[in-house]
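Computed from a predicted model, the values in this text were never measured in an experiment. Whatever order the structure lists them in is the order used to number ligands and atoms, beginning at 1.
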Amino acid sequence: MSHNQLDAKSQAWSALFTEPMSELVQRYTASVFFDRRLWKADIQGSLAHAEMLAAQGIISAQDWVDIQRGLQQIAQEIESGTFEWKLALEDVHLNIEARLTQLVGDAGKRLHTGRSRNDQVATDVRLWLRDEIDGLVALLRELQAALVRVADEHVETILPGFTHLQVAQPVSLAHHLLAYVEMLARDEERMLEVRRRVNRLPLGSAALAGTTYPLDRERVARTLGMVDERGEPQLCLNSLDAVSDRDFAIEFTAAAALIMVHISRLSEELIVWMSQNFGFIRIADRFTTGSSIMPQKKNPDVPELARGKTGRVVGHLMALLTLMKGQPLAYNKDNQEDKEPLFDTVDTLRDTLRIFVDMIGGERDPATGQRSGGLTVNRTAMEAAARKGFATATDLADYLVKKGVPFRDAHETVAAAVRVASERGVDLSELPLPELQRFHPAIEADVYDVLSLQGSLAARATVGGTAPVQVRAQLQRHRQRLAGLV
Ligand code: ARG
């Protein structure tokens with residue numbers, strides 16, 4: 001197709017077409033206004049393809065030189081904003097190819113030998129997503145590090161642990177925050193697994209059935225870094241599947257949705273914790289907004305929006321699953337609809353992670369390396385809350401069991417004690433010894449050790465429990481995993 005013909009695509013694709021596309025159909029079918037963000041990957045893929053075509057003697061060494069020169073100039077034009085994107089040229093691929101031909105002539109027209117936009121776009125999206133995943137994994141690690149830094153200072157800070165949002169047993173704030181570090185560590189692991197399946201090469205599959213040219217697909221895979229840990233090239237091994245598969249995008253979005261769900265749960269806690277009735281924490285003013293009518297308000301907009309944006313990422317996952325479910329092999333234009341959900345998932349997740357790194361851990365002053373303005377913790381309010389709601393009732397039952405009382409009887413005894421304490425408006429630890437002994441003769445003066453919050457915490461020393469000794473061991477493990485960040 002000559003450059004003039006490509007430019008005239010708005011009129012017709014080729015001699016085959018007898019009428020031009022309407023303006024509306026052109027807009028409806030074009031993707032250039034969103035897929036142009038793939039430009040770098042598109043050029044990277046084209047360079048790898050052209051290099052291989054030359055190495056295989058399919059195009060000349062001169063063609064390869066011309067293609068490199070042209071694509072370099074195009075990259076500069078796009079970066080500097082002078083590149084003219086044309087709706088009539090439909091997508092990022094045709095825009096770049098047309099400009100290349102304009103710049104270097106016939107060599108530009110040879111670039112597409114043995115290639116189709118079907119394997120080209122699948123390659124571009126994979127290359128682009130691979131880089132984005134690397135950035136997201138780095139942010140996931142930063143957020144874990146921010147949580148670990150706060151946790152480090154609060155191994156002995158006690159707050160009520162909840163089940164059913166009812167006071168259950170005391171836990172340390174460090175323990176609570178490390179629960180989120182566990183979630184994010186799994187997210188990191190999951191993203192890296194997804195990355196392995198993203199990092200496979202469709203190029204060489206051409207339109208759907210492979211191609212008649214002697215392509216060296218492994219060479220292209222190596223050039224593009226699509227290799228495994230041992231440096232083995234990773235190819236998509238069925239051409240029909242290669243051009244139509246979007247599992248990698250779905251898997252990525254599923255992993256992203258789960259990260260958002262984790263952040264949404266954390267957001268919900270931050271929102272509850274900073275409400276007046278809890279008063280456990282404060283987040284810096286720059287993450288809150290006021291009310292236009294109520295002068296006293298500071299609203300937790302950032303965590304609320306994170307919770308809200310989770311809905312949209314979950315929606316993108318549904319969109320992609322639904323996009324695929326009815327498609328016969330191989331490529332269908334439906335697949336062009338994979339991009340906006342995928343792009344928005346990446347953007348939403350990236351911004352959310354960035355903002356949470358600052359909100360939890362504080363902003364880093366690049367001059368001093370010091371952080372300020374992270375989460376502020378009100379230990380007194382947390383401890384006071386842990387003293388309400390009989391958080392150590394289980395400890396009293398366990399105490400009786402250790403004195404030989406069967407657990408079910410102990411449970412019953414403590415329930416009676418809680419009822420009396422509750423009627424008097426006092427905690428179990430505030431009932432005098434003779435009073436407690438009325439509930440069970442096995443109770444002795446050492447009972448007050450287990451009724452204290454500290455005693456309760458220290459006693460939960462099973463692996464993964466809230467006892468400071470266990471929490472310190474977990475902190476140590478995370479510090480090692482996150483080497484260089486904490
Ligand atoms: N813009 C298209 C997409 O995003 C590129 C592939 C077009 N292929 C085709 N046969 N029309 O999927």
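Ion pairing between Arg312 and Glu340 fails under the 4.0 Å rule for side-chain N and carboxylate O. One finds a salt bridge joining Lys298 and Asp285 here, because a Lys/Arg side-chain nitrogen approaches an Asp/Glu carboxylate oxygen to under 4.0 Å.
Asp35 and His93 form no side-chain donor-acceptor contact under 3.5 Å, judged by distance and modelled atom types alone. In this model, no donor atom of one side chain and acceptor atom of the other lie less than 3.5 Å apart for His175 and Ser172. Using a 3.5 Å distance cut-off with no hydrogens or angles, the side chains of Gln327 and Asn332 do pair a donor with an acceptor.
Protein heavy atom in closest approach to atom 2 (C) of ligand 1: Gln336 OE1, 3.3 Å. Of the protein's non-hydrogen atoms, Tyr331 OH, 3.4 Å is the one closest to atom 6 (C) of ligand 1. Looking only at protein heavy atoms, the nearest one to atom 4 (O) of ligand 1 is Lys339 NZ, 2.6 Å. The single protein non-hydrogen atom nearest to atom 5 (C) of ligand 1 is Asp91 OD2, 3.5 Å, given as residue, atom name and distance. For atom 11 (N) of ligand 1, the nearest protein heavy atom (residue, atom name, distance) is Arg117 NH2, 3.5 Å.
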Worksheet entry | Working for side-chain hydrogen bond (donor to acceptor under 3.5 Å, both in side chains), residues Tyr213 and Gln56 | CA-CA 9 Å; Tyr213 301 95; Gln56 296 293 94; over 6 Å; no
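Residue Ser31 has at least one heavy-atom neighbour below 4.0 Å for each of these atoms of ligand 1: 1 (N).
When the heavy-atom distances from atom 10 (N) of ligand 1 to Asn118, Val32, Thr29, Asp334 are ranked, the shortest goes to Asn118.
Not a single heavy atom of Glu90 lies less than 4.0 angstrom from ligand 1.
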